[in-house]
There are 2 protein chains.
Amino acid sequence: MTLVQLEYIIAVDTYRSFVAAAEHCYVTQPTLSMQVQKLEESIGAKIFDRSRQPVVPTEIGEKIIKQARIILNESKKIAELLQESKGEVSGELKIGVIPTVAPYLLPDILTTFLRRYPKLQLQIWEYTTERIIQELKLGKLDCGILSTPLHESGIEETPLYYETFVAYVSEASSLYQKKMVTTDEIADKKLWLLNEGHCMRGQVLNLCHYKHNQSLEGTFEYNTGSVETLKRMVDINGGLTVLPEMSILSYDEDQLGQVRYFRSPEPVREISIVTTPNFVRKQAVNALKNEIIALVPDRFKTKKKKEVMGFEL
Amino acid sequence: MTLVQLEYIIAVDTYRSFVAAAEHCYVTQPTLSMQVQKLEESIGAKIFDRSRQPVVPTEIGEKIIKQARIILNESKKIAELLQESKGEVSGELKIGVIPTVAPYLLPDILTTFLRRYPKLQLQIWEYTTERIIQELKLGKLDCGILSTPLHESGIEETPLYYETFVAYVSEASSLYQKKMVTTDEIADKKLWLLNEGHCMRGQVLNLCHYKHNQSLEGTFEYNTGSVETLKRMVDINGGLTVLPEMSILSYDEDQLGQVRYFRSPEPVREISIVTTPNFVRKQAVNALKNEIIALVPDRFKTKKKKEVMGFEL
DNA sequence: CCTTTGCATAGCTAAAATTTATAGCATGAC
DNA sequence: GTCATGCTATAAATTTTAGCTATGCAAAGG
C-alpha cells in the first residue's frame, strides 16, 4: 500500500471514473488502473465495482476510501507543520461560519486580515453549526466560527467574544413603550424566528422558555435563515424579533429606536473559533483569532461566562 | 513522501541509530539513509541531527515523527477494516486495565474468551487510568477497561457493569459490630488507602468526604497499588479499608464476616470498556464486551447510573 | 596512532511505476 | 444486427526508484 495508491482510489471515488480520475492525478488511465488493481490485490478485496457504470465503490471499498481520506489528510499535515514552523501564515485556510455571525463579523475582518497575511488564501463557507462540525471532522474545513458551548467531543473551542441578544420591536408593539424588556415579556408575542438548524433559533426559544416546536403553529408564520430578514419582517409586518447585538452596530438612530436591551440577566451567546484537537496550523487560526479579538468592541469581551446560554441543535 | 520513508524515520527515532533502524526494517543502512535523506530533501528540512551521537531528531523532526506515527497508525487501520469485514475476530488486541479491576475480572474471562476466539492474541497491561488514556490516544492500546465517567474528549465509553464498594473491617474495629455501615462512619477511622494515581483512591476519598491529600498525615500510614494488600493490612494491622465488590466474590465465610455493605445510597463505581472514536476493530472489542457482560453476575448490572460516583485523577 | 563505530556516497541491479498502444466489453444509435 | 462510442484491462517498452555491495569519511575510544 502506498500513499499514491490511496490518492488514486480517492480520485476514482470522487470522479466515479478511471479516466477522469487519471486526468486529475496527471497520470494515464492504465497507470491508475494498474495501481488500483495492485492495491486491491495487496489487500485481497475489490474496492470498486467496475461492472456498473459509473463505477461505484464496494461496501468494503467505501470504508477503505474513507480511511484513505483520513490517511492522506494526516499526510498533508506534515507539509503544514513545516509552514507552521517557518512562522509563515500562508496557504489555504478553510473556515466555516454560522449565518448569524458571518455578515456582522467577517466583512470588517477580512480586508485588514488579508492585508496583514498576503500569503494566506481564505475560503469561507456559511454553514449551520451541524454542518461545520461535520466538515471539520472530515477535514474539509480547518476551523469554524460559531456559538458555543457545543459539548462535542473532538472539537476544541476558543472563545472569541460574548454577545447579548436584543429585542427588535415594531412601533406598534406594546413593548415599544418600554425602555428595556424581560425575557418573559416576549414569550407570548408574535416572534419572528430563524428556521430550524440555526443554533440561534434554539437559543431564542430557550430564552423565552419555549420548548422546540411547541405551540409554534399560529404564533409564528414565516421562517428564514437570515437575521436581516427577521428585522425587515418586523419593519413591514410588525411584531418583534430577537437579534444578535453585533447586527445592530451599523444601525442608524431610527433603527436603534426600535432596539430594546434585555434586563439582567441578559441572554448572552458565546462565539468561539473551533478546530479539531490535532489541527496543526495553529498559527494561522491564532492570527485570525487575534484579528477578530482586536476588532470586536471591548464590551463584547466582558460578559461573564456564567450567563452564557446553552442550546441544542 | 512515502509510507516507507515514514516507517524509516520512525525506526531511526525509536532506535536513535541508522544502523539499528535499518536492521529492524530489514533493509541495509545505506538504503535507509538514502530514503531518510530523500524525505528530508522533499520536505526541505532536516529531520535528524546526525552530528550528535546517538542521533537525535531536530525540533521540527520531533513534530514530523509524531505526525508520521499518526499516519502509519491510520494506515494500519485499513488492514484492520478488512479483518473486521470478514467477521474475523483475530489479530492482536492490546488492552489496558486498571489494577483494581484486572485481578477480579480478567482471570475468569481470559480462558473462555481465548477459547472462543483462537485467532485473537491478547496483550494486557495493568496501567493507571491516566496511562491508559494516554496510550489509547497514541494508538499503543486498542481499548481500556476502567472506571468511568472520565469526562475525557476523544475517548468513547461503553459501560460494562456497576460495582459497589464495601468496607472490610478488622474484628477489633468498632464497626465490626454493625451489620451495615454508612460512609460517614468510616470517615474518621484508620483507613488503608491505595496510593496516588489510582482512580479508586479518589473515589474512596470522595465517599468519605475527604479532600485529596488533606489531613492524611498521621491517619494513614502505608500506600500500596494492590487491593489485596489493603485487605491484608486490615487482617494483620487492624483498621479498615474499602474494597470493590468484585474482589470479595472469592472470599470464604470467615473473610465475608469482615465485609460490611454500605447503607443506601451505596457508593457505586461504573466500569466501562473505552476506545478512541475512530477505532475500527469494533467487533473484537464487542466480543470482549459481551464476554465480560455474560460472565459478570447479574446484580452488577442493575445498579442505577445515578448513583455512580465521580472522581478526579 | 590505530581501531572501531556510525553515517554518507557511488555504482550497480532488480523491481516497480508509468507510458503508449491495443484489446475487450458493454451500451445505445441506426 | 452492426457499428460507433465510452470505459476499463492488458501487453510491451521505458523510465524511475528502491535497495544492495563496496567504500569513504569523521568522530570517539583505547
Side-chain angles (χ1 to χ4, degrees), chain A residues 1-62 64-65 68 71-72 75 78-79, chain B residues 1-62 64-65 68 71-72 75 78-79:
Chain A
M1 188 174 79
T2 70
L3 290 173
V4 173
Q5 287 170 346
L6 299 183
E7 271 169 37
Y8 290 171
I9 62 170
I10 289 172
V12 173
D13 178 58
T14 305
Y15 300 104
R16 298 297 161 106
S17 151
F18 281 65
V19 174
E23 263 175 44
H24 283 269
C25 293
Y26 303 104
V27 292
T28 59
Q29 169 266 316
T31 298
L32 189 135
S33 287
M34 286 291 285
Q35 288 305 317
V36 174
Q37 276 180 55
K38 283 187 70 170
L39 178 58
E40 289 178 324
E41 199 180 322
S42 76
I43 65 177
K46 282 264 173 249
I47 297 172
F48 295 103
D49 179 356
R50 299 151 169 84
S51 73
R52 308 216 140 274
Q53 201 53 237
V55 285
V56 289
T58 60
E59 197 178 332
I60 184 70
E62 294 265 18
I64 292 168
I65 291 160
I71 295 168
L72 284 185
S75 304
I78 286 189
Chain B
M1 190 174 77
T2 69
L3 289 174
V4 173
Q5 289 170 347
L6 298 182
E7 270 169 35
Y8 291 171
I9 63 170
I10 288 171
V12 173
D13 178 60
T14 304
Y15 300 105
R16 296 298 158 106
S17 153
F18 280 66
V19 175
E23 264 174 43
H24 283 270
C25 293
Y26 303 104
V27 293
T28 58
Q29 168 266 314
T31 298
L32 188 136
S33 286
M34 285 294 286
Q35 288 305 317
V36 173
Q37 277 180 55
K38 284 186 69 171
L39 178 58
E40 288 177 325
E41 198 181 323
S42 75
I43 66 177
K46 281 265 174 249
I47 297 172
F48 295 103
D49 179 357
R50 299 152 170 83
S51 73
R52 306 218 141 273
Q53 200 52 238
V55 284
V56 289
T58 60
E59 197 177 334
I60 183 71
E62 294 266 17
I64 292 167
I65 291 160
I71 296 168
L72 284 185
S75 305
I78 286 190

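Chain identifiers are assigned alphabetically (A, B, ...) following the order of the sequence lines, protein sequences preceding nucleic acid strands; residue numbering begins at 1 within each chain.
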What are the two closest heavy atoms between [X] and [Y], and how far apart are they?
| X | Y | answer |
| --- | --- | --- |
| Ser75(B) | Ile71(A) | CA-CD1, 3.5 Å |
| Thr58(A) | Lys46(A) | OG1-O, 2.9 Å |
| Ile9(A) | Ala68(A) | CD1-CB, 4.0 Å |

Donor-acceptor contact below 3.5 Å, side chain [X] vs main chain [Y]:
| X | Y | result |
| --- | --- | --- |
| Ser42(A) | Leu39(A) | yes |
| Glu40(A) | Ile47(A) | yes |
| Gln29(B) | Ala22(B) | no |

Does a nitrogen or oxygen in the side chain of [X] sit under 4.0 Å from OP1 or OP2 of [N]?
| X | N | result |
| --- | --- | --- |
| Ser33(A) | dA9(D) | yes |
| Lys38(B) | dT17(D) | no |
| Gln37(B) | dC7(C) | no |
| Thr28(A) | dT18(C) | no |

Inset, instruction - Might you confirm whether atom CE of Met34(B) has over 12 heavy atoms from other residues, nucleotides or ligands at distances under 6.0 Å? - result: no
Legend entry - Minimum side-chain heavy-atom gap Ile78(B)-Leu6(A) below 4.5 Å: yes
For [X] and [N], give me the distance from atom [atom1] to atom [atom2], rounded to whole Å.
| X | N | atom1 | atom2 | result |
| --- | --- | --- | --- | --- |
| Gln35(B) | dC20(D) | CD | C1' | 13 Å |
| Met34(A) | dA13(D) | CE | P | 15 Å |
| Phe48(A) | dA9(D) | CZ | C1' | 16 Å |
| Asp49(A) | dA9(D) | CG | P | 11 Å |
| Leu32(A) | dC7(D) | CG | P | 14 Å |
| Ile47(A) | dA9(D) | CD1 | C1' | 16 Å |

Inset, instruction - Identify, residue by residue, the members of residues 7-27 of chain A with a heavy atom below 4.0 Å from DNA chain D, and return them in order of residue number, or none. - result: Ser17(A), Phe18(A), Val19(A)
Output a table of nitrogen or oxygen pairs between the protein and nucleotides 22-30 of chain D separated by less than 3.5 Å.
none

Inset, instruction - Describe, in one word, how the ring planes of Phe48(B) and Phe18(B) are oriented to each other, choosing from parallel (under 30°), tilted (30 to 60°) and perpendicular (over 60°). - result: perpendicular
